[in-house]
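Below, all heavy atoms of this structure are taken into account, side chains as well, without hydrogens, waters or symmetry copies. All figures in this text were calculated on a predicted structure; none of them were measured in a lab.
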Amino acid sequence: MGDLGQIILGGITTGSLYALFLLGVLIVFQVSKSMNFAYGQVGMIAAFSAWFFYSEQGLPVPVALVIGVLLAVIVNSAIDFAAIRRIPAGRPGLDLVVTLGIFLLITAVMQQLIDANAHTFISLGADTRTEVAGVVVSMSDGIVIGLTVVTVLAAYLLLNRTSLGTSLRASAEDAGIAQAAGVNVRALRTATWAVAGLIAAVVAILVASRLSVDAFYMTPFLIKAFIAGMIGGLDRFWLPLVVAVALGVYESLAVYLLGASAGTPAVFLLIIVVLALVPKRFVNERNEVRA
């Protein structure tokens, strides 16, 4: 049971990272109806830049982390302001093409400015461990799970229990009517993309502290978070986040039972099975959110 408990804890921690990352995708999608395929690279900017500034330039780690986070927030806001807003109305799917191009651009720029190699990141508590009921829990696990719970609850309360949340929902439903009612739709949209950039930066830094950092390390993470969003529904709040945590546990169990190379194939097998079982719901949702 100790080994199984350890695997489940690892899955919950990974799934919490998926959920926290997906939260940024959800709030952007629900406010602007746009998908950002460069979202993982926005987070990569934060972690890779922070590594460069503290490792290569000798800045204190906290300063380097703050600079990295600020860069991610600025870049994500700029993606909306300079690219997404310029897409003509009635062109569904063009946001995917545009952000895929931005994905490639960010990757190439970071490889040129820093390098294309993988680097060890600071641990952020991964080396501090304690044993609970036969399961080893690191400080990093506690940070990830605790931060995810607090952030998700705060986002839910903000969206559903505040006047700001009401304005956000109104902007998402009909920006024209919301604007006529006195809501500053552009400011709210910019703030949403900025907050999403902050979330991407925090998640990417936490992921790097558990693995390593390079120009592509967030890409598999982005794909799996999107899978959870597609299964749970990007127009919902709780269900996709729960699916994200469950996906982390499922992936962890697949690795435990089938070997280290089985995690990613197991995830893609799951999405194929889910879409085969509920294709109508998925297609209907795609039509609704792109209408």
Side-chain angles (χ1 to χ4, degrees), residues 14 17-18 20-29 32 34-57 59 64-87 93-122 124 193-230 234 244 263-265 267-268 271:
T14 300
L17 285 168
Y18 291 158
L20 186 56
F21 191 71
L22 180 58
L23 178 64
V25 176
L26 292 178
I27 61 175
V28 163
F29 181 81
S32 64
S34 298
M35 293 284 287
N36 183 5
F37 271 11
Y39 193 57
Q41 299 309 85
V42 170
M44 179 273 291
I45 288 174
F48 213 176
S49 298
W51 173 86
F52 175 76
F53 284 120
Y54 79 73
S55 179
E56 300 296 306
Q57 302 300 311
L59 293 182
L65 291 175
V66 169
I67 293 174
V69 170
L70 288 176
L71 286 173
V73 171
I74 291 170
V75 169
N76 207 52
S77 301
I79 290 173
D80 174 52
F81 183 79
I84 301 299
R85 293 188 190 185
R86 314 301 174 191
I87 296 175
L94 195 54
D95 55 335
L96 306 182
V97 177
V98 170
T99 55
L100 181 59
I102 295 172
F103 169 100
L104 297 174
L105 175 63
I106 291 174
T107 303
V109 168
M110 293 301 288
Q111 287 180 323
Q112 289 296 317
L113 291 179
I114 303 180
D115 60 38
N117 301 318
H119 304 277
T120 302
F121 204 74
I122 51 177
L124 296 179
W193 280 74
V195 170
L198 173 62
I199 293 173
V202 171
V203 173
I205 288 170
L206 290 171
V207 173
S209 73
R210 301 170 69 87
L211 302 172
S212 61
V213 62
D214 59 50
F216 285 101
Y217 83 104
M218 285 298 291
T219 303
F221 201 86
L222 172 73
I223 293 172
K224 291 168 187 175
F226 273 5
I227 287 173
M230 288 190 295
L234 292 170
T264 298
V267 170
F268 283 100
I271 188 65

Trainee: Which atom pair, heavy atoms only, marks the closest approach of N36 to I79?
Mentor: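 In this case the closest contact between N36 and I79 is ND2-CD1, 4.2 Å.
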
Trainee: When you measure from the side chain of R86 to the backbone N and O of F81, does any donor-acceptor pair fall under 3.5 Å?
Mentor: yes

Trainee: Can you check side-chain contact (heavy atoms from CB on, under 4.5 Å) on I223 and V267, steps first, answer last?
Mentor: CA-CA 10 Å; I223 293 172; V267 170; over 6 Å; no

Trainee: At what distance, to the nearest 0.5 angstrom, does CZ of F48 lie from CE of M110?
Mentor: 6.0 Å

Trainee: Distance check, rounded to the nearest 0.5 Å: T120 atom OG1 versus L211 atom CG?
Mentor: 10.5 Å

Trainee: So which heavy atom on A244 is nearest to which on L22, and how close?
Mentor: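 Smallest heavy-atom distance, with atoms named: CB-CD2, 4.2 Å.
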
Trainee: Identify the heavy atoms of F103 and A38 that sit nearest to each other, and give their distance.
Mentor: N-CB, 3.7 Å

Trainee: Are the side chains of V202 and L198 in contact, using a 4.5 Å heavy-atom criterion?
Mentor: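 Yes, at least one pair of side-chain atoms sits under 4.5 Å.
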
Trainee: Just wondering, do T14 and K224 contact through their side chains at under 4.5 Å, heavy atoms?
Mentor: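 Result no, sub-4.5 Å side-chain heavy-atom pair not found.
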
Trainee: Rounded to the nearest 0.5 Å, how far does CG of L65 lie from CG of L124?
Mentor: 6.5 Å

Trainee: How long is the gap from CZ on F52 to CG on D115, to the nearest 0.5 Å?
Mentor: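 Taking CZ in F52 and CG in D115, the distance rounds to 9.5 Å.
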
Trainee: With sequence neighbours left out, write down each residue that passes ring-ring contact (aromatic ring centres under 6.0 Å, His included) with Y39, or none if nothing qualifies.
Mentor: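 Applying ring-ring contact (aromatic ring centres under 6.0 Å, His included) to Y39 gives F21.
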
Trainee: Count the heavy atoms of every other residue, nucleotide or ligand shown that sit under 6.0 Å from CD of Q57, and state whether that count exceeds 12.
Mentor: yes

Trainee: Provide the closest heavy-atom pair for D214 versus M44 in the form atom of the first, atom of the second, distance.
Mentor: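 Residues D214 and M44, closest heavy atoms: O-CG, 3.4 Å.
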
Trainee: How far does CE of M35 sit from CD1 of I84, to the nearest 0.5 angstrom?
Mentor: 11.0 Å

Trainee: Supply the atom-to-atom distance L105 CG to L100 CG, rounded to the nearest 0.5 angstrom.
Mentor: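 So the CG of L105 and the CG of L100 are separated by 11.5 Å.
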
Trainee: Taking all non-hydrogen atoms of both residues into account, name the closest pair between V213 and A208 and its distance.
Mentor: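 Closest pair (atom of V213, atom of A208, distance): CB-CB, 4.1 Å.
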
Trainee: Between S49 (side chain) and G68 (backbone), is there a donor-acceptor pair under 3.5 Å?
Mentor: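 Not confirmed, S49 side chain does not pair with G68 backbone.
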
Trainee: For the residue pair Y54 and F121, does the interplanar ring angle fall in the parallel (under 30°), tilted (30 to 60°) or perpendicular (over 60°) class?
Mentor: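 Ring orientation of Y54 relative to F121: perpendicular.
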
Trainee: Can you name the closest pair of heavy atoms from G197 and A72 and give their distance?
Mentor: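 So the minimum-distance heavy-atom pair works out to O-CB, 4.0 Å.
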
